[in-house]
2 protein chains.
Amino acid sequence: MSTTPCEQCPLRGLKYFRDFSAPELDFVSRFKTGELSVEPGAIVLMEGSHSAHLYTILQGWGFRYKTLEDGRRQILNYLMPGDLVGLQGTVMGEMQHSVEALSPITLCVFERGRLNSLFSDHPSLAYDITWIAASEERMLDNHLLSIGRRTALERAAYLLAFLYNKAVRVGLLEKNGPIPVTQQHVADTLGLSIVHTNKTLRKLADRELIRWTDKGCIVLDDAGLAKTAGWEADSRNARPFI
Amino acid sequence: MSTTPCEQCPLRGLKYFRDFSAPELDFVSRFKTGELSVEPGAIVLMEGSHSAHLYTILQGWGFRYKTLEDGRRQILNYLMPGDLVGLQGTVMGEMQHSVEALSPITLCVFERGRLNSLFSDHPSLAYDITWIAASEERMLDNHLLSIGRRTALERAAYLLAFLYNKAVRVGLLEKNGPIPVTQQHVADTLGLSIVHTNKTLRKLADRELIRWTDKGCIVLDDAGLAKTAGWEADSRNARPFI
DNA sequence: CGCGTGTTTGACGCCGATCAAAAACGGTGG
DNA sequence: CCACCGTTTTTGATCGGCGTCAAACACGCG
């Protein structure tokens with residue numbers, strides 16, 4: 001499969017992402033050095049590695065996670081089109097989390113070495129990267145609040161409403177499409193056991209907020225989920241991406 | 001009290017922070033428009049506000065937190081000298097968390113309007129801001145892992161080891177100084193009830209890893225804490241700050 | 001002395017972990 | 001087509017960690 005030129009980037013058509021000026025687009029298209037395709041379940045980046053690359057998700061679902069010595073796993077966040085991958089490793093050296101594909105994904109590959117010229121020659125793009133980092137931080141704040149202070153049912157509802165909203169906005173999910181996770185993923189995100197996660201998701205299904213299928217979770221009533229989570233989705237538009 | 005000129009910034013003497021070039025120093029000293037002093041327990045920034053400022057902690061302890069409607073509170077992270085405050089609000093508009101002083105703190109105040117010229121004229125400083133944001137993200141990753149997958153005892157040990165290490169490096173804490181938190185703060189950070197937090201901290205005290213005083217927590221054995229948390233502190237030096 | 005804030009302790013109950021096993025499914029090979 | 005398998009979901013029983021309730025204790029302060 002040939003690579004997608006940035007000029008024809010499918011994300012650019014979405015209202016959710018901001019437009020580029022011509023010089024920005026020109027720079028980014030030279031910044032991009034290739035594409036990477038990864039199969040579901042495969043590791044994109046490994047904790048402890050020193051990757052020479054920075055990536056943006058072009059299509060598909062992935063997730064970031066960390067593990068403790070004894071195998072306990074915590075999923076930190078989910079990755080969707082437009083998300084920057086590997087910034088921590090790029091800016092600070094070693095990766096301290098891993099990244100795994102949830103569906104087949106393709107990533108745009110950027111040359112780390114050219115990041116300096118991005119900062120020096122395209123301050124607006126540098127600002128975008130900061131914006132994205134701040135946005136990621138904000139998501140983590142929300143997850144931390146959720147895991148720390150919400151009950152199991154609220155947590156689950158929050159997670160699914162969050163994933164649904166974000167995925168729809170980036171064009172990754174149509175209204176009745178499945179979020180491609182297993183209950184094990186949900187458990188590792190919420191900090192719960194898989195058994196209790198199952199019972200919790202069952203309650204959400206009984207309330208007809210979701211339906212669980214072999215392809216993942218179908219959100220039937222995202223407003224209802226947000227309500228049981230005590231959360232309101234952030235509806236701002238026009239976020240940047242690289 | 002008159003303000004501290006950036007040329008004499010006490011943080012600059014610490015090995016932990018990187019040096020500035022003359023032009024950088026010059027810019028930053030003009031970027032800084034004043035200082036803000038806040039008493040313990042007072043709110044520096046409020047969730048939902050639109051602050052026109054960006055801050056760096058010059059001295060003292062603070063923390064970031066979010067609350068749910070019903071009052072449940074989650075502390076997201078602790079703020080120490082060199083930490084940037086309000087970046088999320090500056091870059092993305094509204095603040096989605098609050099900031100409170102834990103000790104008397106003083107902050108350097110930066111004009112948000114000049115952030116553009118920082119990005120356009122001082123790419124190295126823009127890079128530093130990205131670095132700091134990535135670093136904050138990394139800390140949140142660690143906290144998420146902790147709350148999601150560690151036991152109460154491990155969580156508490158991790159938190160105290162983390163705070164101790166960071167505080168010592170920025171010159172905020174001498175070897176036997178107290179971390180100025182109450183057990184309520186610890187509980188709200190770990191996602192535990194205050195009663196259970198107390199019983200957990202007691203276990204750490206019984207093992208002679210910490211001692212609790214009316215001024216806060218004294219770390220007696222930070223290696224021991226890190227060990228019971230199953231964690232190794234990151235010993236990298238030379239981080240940037242603004 | 002009385003009060004407020006913070007720490008400590010005990011009793012009890014529940015949420016969620018753990019253990020165990022059964023379904024339900026798609027995929028594979030005979 | 002069917003037997004077998006691995007993965008995932010589902011359910012029940014039991015256990016334990018942590019929450020909740022309640023009350024004491026310690027301390028600094030006016």
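Everything numeric here is computed off the predicted structure, so don't read it as measured data. Each chain gets a letter, A, B and so on, in the order its sequence line appears, and its residues count up from 1.
- Comparing A:Q183 and B:R150 against DNA chain D, the residue whose closest nucleotide sits nearer the 5' end is A:Q183.
- No salt bridge links B:K166 with B:D234; every basic N to acidic carboxylate O contact stays at or beyond 4.0 Å.
- Within residues 193-201 of chain B, the residues approached by DNA chain D to less than 4.0 Å at the level of any non-hydrogen atom are B:S193, B:V195, B:H196, in residue-number order.
- When the C1' atom of C:dT8 is taken as reference, atom CG of B:L204 falls 16 Å away, rounded to whole Å.
- Nucleotides of DNA chain D lying under 4.0 Å from heavy atoms of chain B occupy a range whose first and last members, 5' to 3', are D:dC18 to D:dC21.
- By the 4.0 Å N-to-carboxylate-O rule, B:E47 lies too far from B:R64 to be salt-bridged with it.
- Checked for salt-bridge contact, B:D83 and B:R239 meet the test: a charged N lies under 4.0 Å from a carboxylate O.
- A cation-pi contact, defined as under 6.0 Å to the ring centre and within 45° of the axis, links A:R150 to A:Y158.
- Per the geometry, CG belonging to A:L190 stands 15 Å off C1' belonging to C:dC15, to the nearest Å.
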>> I'd like to know whether A:Q88 forms a side chain to side chain donor-acceptor pair (under 3.5 Å) with B:D141, so could you lay out the CA-CA distance, the side-chain angles of the two residues, the decisive distance to 0.1 Å, and finally the verdict.
In response: CA-CA 11 Å; A:Q88 283 184 38; B:D141 286 352; 2.9 Å; yes

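- Between A:L192 and A:D214, the residue anchored closer to the 5' end of DNA chain C is A:L192, taking for each the nucleotide with the nearest heavy atom.
- Between A:G191 and B:Q184, it is B:Q184 whose nearest contact on DNA chain C lies nearer the 5' terminus.
- Judged by distance alone, the side chains of B:S193 and B:H196 never bring a donor and an acceptor atom under 3.5 Å apart.
- Taking the charged nitrogens against the carboxylate oxygens, A:R149 and B:D188 do have a contact shorter than 4.0 Å, which makes a salt bridge.
- B:Y65 and B:T189 share no donor-acceptor pair across their side chains, judged by distance under 3.5 Å alone.
- We find that CZ of A:R149 is positioned 16 Å from C1' of C:dG16, with the value rounded to whole Å.
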